[in-house]
Novice: 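Submitted below is the structure of interest, expressed as structure tokens.
Values below: all heavy atoms of this structure, side chains included; hydrogens, waters and symmetry mates excluded.
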Amino acid sequence: MKLYLCSVKPKIIMSQFVIYLRLQPFIAQWLHHHYGIPVRFQPHSIENSTILQFTQKLPADRQPDVAADGLTAVCIPDNGKKDPAIYNYLGVKGKEAVVDCIERTFRLMMWNELNDMSDIGCSVLNAIDAWCEKHGIDIEYDRTILQRYNRMRNSYVKKGIDLRKKQRNHDTPINKK
């Protein structure tokens, strides 16, 4: 009996190259809770697509970014067309685009999960505290989250659009006759 040994190189989804972004502390905490340290977004995510779109070669007159207080490390995804060893620089506007993408994802998740608070058995602030705890955000940011949520809701209400859920959907397969 002949034995054949083969070496299988695992496919690496993320490089070890990172970019550093300045984010609101509660958004950085949320990212670390869901995506680790350094932040590694899911393959094919909108965040990775945005990073890949705007990464470029390091300009000759620039130094690579380094870790510093208040900055969040985010992995640059591997890509067959843009090797992260070469394309690992994001300019100011590229970083702004990635931060905007991250903040939009955060707002969407926050809205989807907090939008049904009108029909809960506790105070809104207690619900937000529990939501913060669930997502790895320090409770000290609960009023910031509440304020952001209220601003989003109020901006729609001012235009005559009420996106709050009026009632819970109790028509689950178990409840249907």
Novice: How close do Met152 and Arg107 get, heavy atom to heavy atom, and via which atoms?
Specialist: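 Here Met152 and Arg107 meet closest at CE-O, 3.9 Å.
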Novice: If you take all heavy atoms of Gly94 and Phe54, which pair is closest and at what distance?
Specialist: CA-CB, 4.0 Å
Novice: Output side-chain donor-acceptor pairs under 3.5 Å for residues 126-133, partner residues at least two apart or in another chain, one line each.
Specialist:
| from | atom 1 | to | atom 2 | distance (Å) |
| --- | --- | --- | --- | --- |
| Asn126 | ND2 | Ser123 | OG | 3.4 |
| Trp131 | NE1 | Glu113 | OE1 | 2.8 |
| Trp131 | NE1 | His135 | NE2 | 3.3 |

Novice: Is the number of heavy atoms from other residues, nucleotides or ligands within 6.0 Å of CG (Asp69) greater than 12?
Specialist: no
Novice: Atom CG in Leu23, atom NE2 in His32: separation rounded to 0.5 Å?
Specialist: 8.0 Å
Novice: Report yes if some heavy atom in the side chain of Val124 is under 4.5 Å from a heavy atom in the side chain of Tyr149; otherwise report no.
Specialist: no
Novice: Would the number of heavy atoms belonging to other residues, nucleotides or ligands and lying under 6.0 Å from CD of Gln63 be above 12?
Specialist: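 Counting neighbours around CD of Gln63, 12 or fewer heavy atoms of other residues, nucleotides or ligands fall under 6.0 Å, so no.
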Novice: Do you know the tightest heavy-atom contact between Lys82 and Leu52?
Specialist: NZ-O, 2.7 Å
Novice: Output the distance between atom CZ (Phe26) and atom CD1 (Ile145), rounded to the nearest 0.5 Å.
Specialist: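 Interatomic distance, Phe26 CZ to Ile145 CD1, rounded to 0.5 Å: 5.0 Å.
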Novice: Say you draw a straight line from CG of Asn150 to CZ of Arg143; how long is it, rounded to the nearest 0.5 Å?
Specialist: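 It comes to 11.5 Å.
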Novice: Parallel, tilted or perpendicular: which one describes the rings of Tyr156 and Trp111, with boundaries at 30° and 60°?
Specialist: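 Answer is tilted, since the angle falls between 30° and 60°.
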Novice: How far does CG of Leu146 sit from CZ of Arg151, to the nearest 0.5 angstrom?
Specialist: 10.5 Å
Novice: Taking a hydrophobic cluster as the set of Ile, Leu, Val, Met, Phe, Trp and Tyr residues connected by side-chain heavy atoms closer than 4.5 Å, whether directly or through intermediates, do Ile27 and Ile51 fall within one such cluster?
Specialist: yes
Novice: Check whether any side-chain heavy atom of Pro77 lies under 4.5 Å from a side-chain heavy atom of Phe41, and answer yes or no.
Specialist: no
Novice: Any chance you could measure Gln56, atom CD, to Arg62, atom CZ, to the nearest 0.5 Å?
Specialist: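 Here the interatomic distance stands at 9.5 Å.
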Novice: Measuring only between side-chain heavy atoms, which start at C-beta, is Pro64 closer than 4.5 Å to Asn88?
Specialist: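 The answer is no; the side chains never approach within 4.5 Å.
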Novice: Which value, rounded to the nearest 0.5 Å, describes the distance between Thr72 atom OG1 and Trp30 atom CH2?
Specialist: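 Interatomic distance, Thr72 OG1 to Trp30 CH2, rounded to 0.5 Å: 11.5 Å.
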Novice: Measure across Asn79 and Pro84 and return the closest heavy-atom pair with its distance rounded to 0.1 Å.
Specialist: N-CD, 4.5 Å
Novice: Do the side chains of Val98 and Met109 join up, straight or via other hydrophobic residues, at under 4.5 Å, putting them in one cluster?
Specialist: yes
Novice: What are the two closest non-hydrogen atoms of Tyr141 and Pro25, and how far apart are they?
Specialist: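 Shortest heavy-atom contact: OH-CB, 3.1 Å.
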Novice: Tell me whether Leu21 shares a hydrophobic cluster with Leu58, the cluster being built from Ile, Leu, Val, Met, Phe, Trp, Tyr side chains joined at under 4.5 Å.
Specialist: no
Novice: Go through the structure and list residues passing salt bridge (charged side-chain N to carboxylate O under 4.0 Å, His left out) with Lys95, not counting sequence neighbours.
Specialist: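 Listed in chain order: Asp65.
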Novice: Is it possible for you to say whether Tyr89 and Tyr87 belong to one hydrophobic cluster, with membership spreading through side-chain heavy-atom contacts below 4.5 Å?
Specialist: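 Shared cluster, no.
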Novice: Which heavy-atom pair separates Arg22 from Leu71 by the least distance, and what is that distance?
Specialist: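 So the minimum-distance heavy-atom pair works out to NH2-CD2, 3.5 Å.
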Novice: Would you mind reporting whether Leu31 and Ile102 have side-chain heavy atoms less than 4.5 Å apart?
Specialist: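 Sidechains of Leu31 and Ile102: in contact.
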